[in-house]
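Structure first, then comments.
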Amino acid sequence: MKNSFKLQVYELVKKIPKGKVMTYGQIAVLAGKPKAARAVGNALHKNPDPKKIPCQRVVNQQGRVAFHFAQGGEEKQRELLLKEGVKFKDKLHVILKSNV
DNA sequence: CACATGACTATCC
DNA sequence: TGGATAGCCATGT
């Protein structure tokens, strides 16, 4: 296994542009498995390179951030994302799309 | 190889 | 609208 599904997830996550966030489902689709959102989260859960993988830019369908389990400073990451241009609806909820 | 686990999503009540 | 349940997929033991 050289190109495991999770490896693709890492690549996709690392390719997330600054000031933007991706949902697990979206990443799963890009990886080729629209239903593998769980596997995506699992892949990030292993997170071999949390310093290189902006898992904080990866949120769930609700827009809820997941870095609660990531590098440990959720508030710090929140400010970091805010600096990048990511707007937060709430402390743990980012604005994915203005779908009102 | 089979079972158990997990940072999800969609559907139902 | 919100909580609970079921379904799907990959990884690790």
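The sequence lines fix the lettering, A, B, ..., with proteins before strands; numbering per chain opens at 1.
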Nearest-neighbour nucleotide for the A36(A) side chain, dG6(B), dC9(C), dT9(B) considered: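 In terms of side-chain proximity for A36(A), the closest of dG6(B), dC9(C), dT9(B) is dC9(C).
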Would you mind telling me which of dA10(C), dA10(B), dT11(C) lies closest to the side-chain atoms of K46(A)? dT11(C)
Determine yes or no for a side-chain-to-main-chain donor-acceptor pair under 3.5 angstrom, with Y10(A) supplying the side chain and P48(A) the backbone.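 Side chain of Y10(A) to backbone of P48(A), a donor-acceptor pair under 3.5 Å: no, none is there.
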Using a 3.5 Å distance criterion without hydrogens, assess whether the side chain of N60(A) forms a donor-acceptor pair with backbone atoms of R64(A).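 Yes, the answer is positive, given that a donor and an acceptor are paired below the 3.5 Å cut-off.
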Could you tell me whether the side chain of V21(A) reaches within less than 4.5 Å of the side chain of I16(A), counting heavy atoms only? no
Do you know the tightest heavy-atom contact between Q56(A) and V65(A)? O-CG1, 4.4 Å
Within a radius of less than 6.0 Å around NZ of K87(A), do more than 12 heavy atoms belonging to other residues, nucleotides or ligands occur? no
For residues 24-35 of chain A, dump all side-chain donor-acceptor pairs below 3.5 Å to protein atoms at least two apart in sequence or in another chain.
none

Which residue, K35(A) or K6(A), contacts DNA chain C at a nucleotide closer to its 5' end, judged by nearest heavy atom?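 On the 5' side of the pair lies K35(A).
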Quick test: give all pairs of protein nitrogen or oxygen and nucleotides 3-5 of chain C nitrogen or oxygen below 3.5 Å, distance rounded to 0.1 Å.
none

Kindly indicate, with the supporting measurements, whether the criterion salt bridge (Lys or Arg N to Asp or Glu O under 4.0 Å) is fulfilled by E84(A) and R57(A). CA-CA 10 Å; E84(A) 292 188 354; R57(A) 284 186 197 150; 2.8 Å; yes
Counting only heavy atoms and a strict 4.0 angstrom limit, can you tell me which residues of residues 18-34 of chain A come near DNA chain B?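 Hits under 4.0 Å, by residue number: Y24(A), G25(A).
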